[in-house]
Amino acid sequence: MSQMPQLSACPSCEEPLESGDLFCGACGYDLSAVPARPATSPNGAAGTAARPSEWPVAPEVDSSDTPAPTHLPTDLPGTDSAGTELTEPDEYPLPAPAAPATPAVPAATPVPDATADPRTAAPQAAPPAGTALCVACRSGRVDPDGYCENCGHAQPRERDHMEQELDAVAAVSDRGLRHHRNEDAFAISAAALPDGSPAVVAIVCDGVSSATRPDEASLAASRAADESLRAALERGTHPQQAMHDAILAAADAVNALADEPPAAREHSPHQNAPACTLVGAVVAGGLLVIGWVGDSRAYWVPDDRTGPAVRLTEDDSWAAQMVAAGLMNEAEAYADERAHAITGWLGADAYELEPHTASFKPDRAGVVVVCTDGLWNYAEAVEEMARAVPADAAARPLHSAQVLVGHALDGGGHDNVTVAVVPFPCAPQGAGSA
């Protein structure tokens, strides 16, 4: 039998009661009909001492070691007057209550990993094998234009920085710090003369930025010149004649880029034909042969530094013309804003092509530095270039090319920079690495 409730007033007429009354003295209400007090309160707390609700504790980190968000009571769903759970669209699905009569507190929402969709928590499909991933976020795919589909980061192009080394020659090309792409190109190779003696080839080309597709022009010219030289040397052609013919072959390759449908020219009537400069070096049969068109240069730097360093090329440029005509000295000419306007280049709209070639027979060991103006702008004088070339350049041509590119970048890197270092005499032909 349950304990009689202790009341101070009648539930019917609210008249005061005495302890032990079974009926109200005023209205006769049967006080035994009053229900006993429940053992627990409706909110789940025993008696009148309410126990605070317990909220789920979020784990400190998830599987990717990323701190998980803290769950607050306001993050948990409520119910409307009909007992229906209130949820916002596109939220994570919540677990059903354990008992219909007493809605249960849902468990902590699992934290998705980096590959999960934030609305469905369903993992995204892994990209197919071989898909290029963004170098910045490491998860987004790279679209055909070279941008990440996830974070929009522009991806480095293949030609932004290139290095190649053979036993007897090495080259490095870099986009620089200011240009949006690398418009330089190089080609290095080794060949064998008919008598079996080794020959080394280095070609460096600089795309003319004011022309259309200068990066394509420099790449086409360097490849065509290299292929022509190797084939001619292996046939026994004199190296200087082979260099002359290689420049003509490079010019033909660049001219071919101008052959485009008439409709393309209609859409861009003011664009110039693709164009570039070229400088090359061949070490074969005890000779050093240089060829060039434009303002890319070749320098001779002896190993022992007792002999003079020499610039082996003369620029096809406005400044060089002013000096040659005696109208300015070299310092005045190259200080003029018109100094780097070139007067010779490879391209369909070039003036009459005049390949320059020269043969030398050095009397001591040294290296040839073949470079674009992205380097010599920061070491224009012969003495400056000689100081920038490491003392062990002949033994470590790749390291030397890297140092010279670094010299240009440290100086400001305003242009693309390409350098090939060719030891003289050349080392025996061997396998190379890219």
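Quick note: residue numbers are just sequence positions, from 1.
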Close side-chain approach of C151 to C134, heavy-atom, < 4.5 Å: yes

M243 vs L229 side-chain heavy atoms within contact, under 4.5 Å: yes

Exercise: identify the closest heavy-atom pair between A242 and A232: CB-CB, 3.7 Å

Between H356 and E354, a side-chain donor and acceptor under 3.5 Å: no

D206 and C276: CA distance, side-chain angles, deciding distance, side chain to side chain contact (heavy atoms under 4.5 Å, CB included) verdict: CA-CA 5 Å; D206 184 354; C276 69; 5.9 Å; no

Euclidean distance, D160 CG relative to N416 CG, rounded to 0.5 Å: 9.0 Å

Distance (rounded to the nearest 0.5 Å) between M385 CE and C371 SG: 4.5 Å

Shortest non-hydrogen separation from A199 to A284 and the atoms involved: CB-CB, 3.6 Å

Side-chain donor-acceptor pair present, T306, R364, cut-off under 3.5 Å: yes

Side chain S296, main chain C205, donor-acceptor under 3.5 Å: no

Mutual orientation of the aromatic rings belonging to H414 and Y378 [parallel < 30°, tilted 30-60°, perpendicular > 60°]: tilted

Contact check, side chains of V293 and I247, non-hydrogen atoms, under 4.5 Å: yes

Separation between CG of L248 and NE2 of H244, rounded to the nearest 0.5 Å: 5.0 Å

Main-chain N/O of T237 paired to R235 side chain as donor or acceptor, under 3.5 Å: no

Beyond-backbone contact of F360 with F424, side-chain heavy atoms, under 4.5 angstrom: no

Donor-acceptor contact present, side-chain N255 to main-chain A348, <3.5 Å: yes

D392 side chain to A395 backbone, donor-acceptor under 3.5 Å: no

Exceeds 12 heavy-atom contacts within 6.0 angstrom, atom CD of E234: yes

Working for side chain to side chain contact (heavy atoms under 4.5 Å, CB included), residues V204 and L278: CA-CA 6 Å; V204 168; L278 180 150; over 6 Å; no

Y147, OH atom: more than 12 neighbouring heavy atoms under 6.0 Å: no

Heavy-atom side-chain proximity of V368 to V421 below 4.5 angstrom: no

Test item: side-chain donor near acceptor, D315 and Y334, under 3.5 Å: yes

Straight-line distance of S173 OG to E163 CD, nearest 0.5 Å: 10.0 Å

Straight-line distance of Y299 OH to R311 CZ, nearest 0.5 Å: 5.5 Å

Heavy atoms of other groups near R181 CZ, more than 12 under 6.0 Å: yes

L398 side chain reached by V172 side chain, heavy atoms, under 4.5 Å: yes

Nearest heavy atoms of P239 and V289, plus distance in Å: CB-CG2, 3.6 Å

S218 and E183: side chain donor to acceptor below 3.5 Å: no

S359 side chain near Q240 side chain, heavy-atom distance below 4.5 Å: yes

Under 3.5 Å donor-acceptor, R213 side chain and L257 backbone: yes

Side-chain donor or acceptor of E384 paired with backbone N/O of E380 under 3.5 Å: yes

Side-chain donor or acceptor of W292 paired with backbone N/O of E314 under 3.5 Å: yes

Contact summary for L346 and A221, nearest pair of heavy atoms: CD1-CB, 4.2 Å

Derivation and outcome, side chain to side chain contact (heavy atoms under 4.5 Å, CB included), residues D174 and N182: CA-CA 7 Å; D174 192 270; N182 191 357; 5.6 Å; no

Side-chain donor/acceptor of R396 to backbone N/O of A401, under 3.5 Å: no

Nearest heavy atoms of R305 and A386, plus distance in Å: NH1-O, 2.9 Å

Distance, nearest 0.5 Å, that separates CG of D143 from CG of N150: 12.0 Å

Heavy-atom pair of closest approach, residues D226 and A187: CB-CB, 3.7 Å

Flag, side chain of R175 to backbone of H179, donor-acceptor distance under 3.5 Å: yes

Working for side chain to side chain contact (heavy atoms under 4.5 Å, CB included), residues L409 and L177: CA-CA 7 Å; L409 297 180; L177 304 179; 4.1 Å; yes

Modelled atom types, side-chain donor and acceptor of D184 and T418, under 3.5 Å: yes

is_close_aromatic(H340, W376), centroid dist under 6.0 Å: yes

Heavy-atom check, side chain of V282 versus side chain of V200, under 4.5 Å: no

T372 side chain to D415 side chain, donor-acceptor N/O pair below 3.5 angstrom: no

T343 and D316 side chains, donor-acceptor separation under 3.5 Å: no

